[in-house]
Amino acid sequence: MPHLAHIALVVRDYDEALAFYTAKLGFTLVEDTYQPEQDKRWVTICPPGAPDNATTILLARATSPEQVAAIGNQSGGRVFLFLATDDFARDYAAFTAAGVKWVRPPATHDYGTVAVFADLYGNLWDLVEFTRSAETD
């Protein structure tokens, strides 16, 4: 059965992106392998506690002017990625303490509690704790 294996996130620099995602958001480094034939690294990360077969984020260093232009705006200014949590208050507090920049404050809706933050490049993310009914819909 087909499934999403990786989602590419265009970054300026592997190490600065890794520092943000691992230190500020607590993501886990899954793989960091240099590929000399292409002079690039295969760097994948995932949220903490994700199962072994979870979709990962591939940190893809920009190598062309078009790719550089997409850094921080991969979705045209809309929320790009949705980070689900089982404890919104815990993660919101931890991200805030780590210096994450919040773009929209927490709000409660029928589907759950959500706030929007910007990553180090300006891509927008939802931190969301879904209500049980929203998870099963």
I need the minimum non-hydrogen distance between [X] and [Y], along with the two atoms involved.
X: Pro47; Y: Thr28; value: O-OG1, 4.4 Å
X: Asp126; Y: Val116; value: OD1-CG2, 3.2 Å
X: Gly72; Y: Asn123; value: C-OD1, 3.2 Å
X: Pro48; Y: Leu25; value: CD-O, 4.4 Å
X: Ser75; Y: Phe80; value: OG-CB, 3.6 Å

Side-chain contact test, heavy atoms from C-beta onward, threshold under 4.5 Å: evaluate it for [X] versus [Y] and give yes or no.
X: Leu124; Y: Val103; result: yes
X: Phe82; Y: Trp125; result: no
X: Arg41; Y: Leu18; result: yes
X: Val43; Y: Glu31; result: no
X: Arg61; Y: Val68; result: no
X: Tyr21; Y: Leu29; result: no
X: Phe27; Y: Leu83; result: yes
X: Val114; Y: Leu127; result: no

Do we see a donor-acceptor contact under 3.5 Å between the side chains of [X] and [Y]?
X: Asp87; Y: Tyr92; answer: no
X: Tyr14; Y: Asp32; answer: no
X: Tyr121; Y: Glu16; answer: yes

Ignoring hydrogens and angles, tell me if any N or O in the side chain of [X] forms a donor-acceptor pair with the backbone of [Y] under 3.5 Å.
X: Lys101; Y: Ala118; result: no
X: Thr131; Y: Asp110; result: yes
X: Gln67; Y: Ala62; result: no

Give the cluster check for [X] versus [Y]: same hydrophobic cluster or not, with ILVMFWY residues linked at side-chain heavy-atom distances below 4.5 Å.
X: Tyr34; Y: Ile45; answer: no
X: Phe88; Y: Leu81; answer: yes
X: Val100; Y: Val79; answer: no
X: Phe20; Y: Ile7; answer: yes

Rounded distance (nearest 0.5 Å) linking atom CG of Asp119 with atom CD of Gln74: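 CD of Gln74 is found 8.5 Å from CG of Asp119.
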About how many Å separate CD1 of Ile71 and CG of Leu120, when rounded to the nearest 0.5 Å? 9.5 Å
Plane angle bin for Phe130 and Tyr111 - parallel if under 30°, tilted between 30 and 60°, otherwise perpendicular: tilted
Residues that His6 engages under side-chain contact (heavy atoms from CB on, under 4.5 Å), provided they are two or more places apart: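 Applying side-chain contact (heavy atoms from CB on, under 4.5 Å) to His6 gives Trp42, Thr44, Thr56, Leu58.
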Looking at Arg90, I'd like to know if its CZ atom is crowded, meaning that more than 12 non-hydrogen atoms belonging to other residues, nucleotides or ligands lie closer than 6.0 Å. yes
